[in-house]
Amino acid sequence: MSVEPVRRASPRVYRAMRRMFQLLVGALCRADVAGVENVPQTGAFLAVVNHLAITDPTLIMSYFPRQMTIFAADKWRKVFGIREIVETAGVIWVARGEADLSAIRQAVGALKAGWPIGMAPEGTRSLTRALQPGKVGAAYLADRAGVPLLPVAIWGTERLPENARRLRRTPVHMRVGRPFRLPGDGRARSRELEAYTDQIMCRIAALLPPEYRGVYADHPGLSAAAEADTPIPG
């Protein structure tokens, strides 16, 4: 089965788009960002982030010091404007609701080649504004490619459309945790991947205010995650 190549912008084009996003975020938001120094300076990593709004990648791209390819639902591939922006930034298109083997192969190959990738383990935006159960995709990719995971938490972006209509700047927040590795050997199976997914989601939850932690608010793994990354007070 042939694998579609990952669409990835040249560094020059990426820098230009990043600058454009920085201006846009500066005009619409009051950004509070911490932990960017935790982003690995070299090599591949898999950034795992909660997902509240379509604008989340814009915030990440504005402040991350390295170019990063993202996953995006293939429904946006048909939307003129969004498709061009996402593909310029760098994207792996994913067929939602099914095991997209082509996207998985693309991602594993890109990670093994040293490219950073970002994804939302929940698989879609949270309509409750709190963490939903994570899917095993992120754990699978990190295990198979043998790369570190980088937890990222975002909140406030869900209020951006409403505030923009009222010509108000929106307070948005991003926290980048410390990178960590899963204990697997590249051959983890379903039960192990589910346990790894809980670890990943708890690392994200530890960076979020309590009201955003959702189904992981009382998870027993949250305490261990909090020891690795200081939780943000509510």
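Pairs of residues two or more places apart, or lying in two chains, that qualify as salt bridge (charged side-chain N to carboxylate O under 4.0 Å, His left out) and include a residue from residues 11-35 are D32-R175. Residue pairs meeting the ring pair (Phe, Tyr, Trp, His ring centres under 6.0 Å) criterion with at least one member in residues 166-202, sequence neighbours excluded: W155-H173. For residues 11-55, the set of pairs meeting the ring pair (Phe, Tyr, Trp, His ring centres under 6.0 Å) definition, not counting sequence neighbours, is empty. Within the structure, side chain to side chain donor-acceptor pair (under 3.5 Å) pairs that include any residue of residues 127-154 comprise S126-T128 (at least two apart or interchain). Annotation: side chain to side chain donor-acceptor pair (under 3.5 Å) contacts involving residues 179-189, sequence neighbours excluded, comprise D185-R187.
Atom-to-atom distance recorded for L59:CG and F64:CZ is 9.5 Å, nearest 0.5 angstrom. A distance of 11.5 Å separates CG in L222 from CE in M201, rounded to the nearest 0.5 Å. Note that the CG atom of L24 and the SG atom of C29 stand 7.5 Å from one another [nearest 0.5 Å]. Here Q67 contributes atom CD and M17 contributes atom CE; the two are 10.5 Å apart, rounded to the nearest 0.5 Å. Note that the CG atom of L160 and the CG atom of D56 stand 9.5 Å from one another [nearest 0.5 Å].
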CA sep, side-chain torsions, deciding dist, call: T170, L28, side chain to side chain contact (heavy atoms under 4.5 Å, CB included): CA-CA 6 Å; T170 302; L28 298 177; over 6 Å; no

Residues L208, Y216; criterion side chain to side chain contact (heavy atoms under 4.5 Å, CB included); working and verdict: CA-CA 11 Å; L208 286 165; Y216 297 93; over 6 Å; no

Side chain to side chain contact (heavy atoms under 4.5 Å, CB included) evaluation trace for M119 with V94: CA-CA 11 Å; M119 70 179 299; V94 181; over 6 Å; no

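Residues V108 and L101 fall within the same hydrophobic cluster, defined by Ile, Leu, Val, Met, Phe, Trp and Tyr side chains chained together at heavy-atom separations under 4.5 Å. Both I117 and L193 belong to a single network of hydrophobic side chains, linked directly or stepwise wherever heavy atoms of I, L, V, M, F, W or Y lie under 4.5 Å apart. Under the 4.5 Å side-chain heavy-atom criterion for Ile, Leu, Val, Met, Phe, Trp and Tyr, I154 and L149 are members of distinct hydrophobic clusters. V49 and I204 fall into different hydrophobic clusters, where Ile, Leu, Val, Met, Phe, Trp and Tyr are joined by side-chain heavy atoms under 4.5 Å apart, directly or via other members. Connection of L131 to V136 is established within a shared hydrophobic cluster, with ILVMFWY side chains joined at heavy-atom distances below 4.5 Å, either directly or through further cluster members.
Closest non-hydrogen pair, M68 versus A47, comes out as SD-CB, 3.7 Å. Shortest non-hydrogen contact noted between L111 and A145 is CB-CB, 3.7 Å. Of all heavy-atom pairs spanning P151 and L207, the tightest one is O-CD1, 3.7 Å. Closest heavy-atom contact between I92 and A107: CD1-CA, 3.7 Å. Nearest heavy-atom pair across G177 and L150 is O-CD1, 3.4 Å. Residues V36 and Y63 share a closest heavy-atom pair of CG1-O, 3.6 Å.
Other residues, nucleotides and ligands contribute more than 12 heavy atoms inside 6.0 Å of the CZ atom of R66.
A donor-acceptor contact shorter than 3.5 Å links the side chain of R203 to the backbone of R178. Counting only distance, with no hydrogens or angles, the side chain of D198 and the backbone of A195 share no donor-acceptor pair below 3.5 Å. Looking at T55, its side chain never comes within 3.5 Å of a backbone N or O of T58 through a donor-acceptor pair. Of the possible polar contacts, none joining the E158 side chain to the A53 backbone as a donor-acceptor pair under 3.5 Å is found.
Residues I70 and M61 fail the side-chain proximity criterion, which asks for heavy atoms closer than 4.5 Å.
In this structure E37 satisfies the salt bridge (charged side-chain N to carboxylate O under 4.0 Å, His left out) test with no other residue, sequence neighbours excluded.
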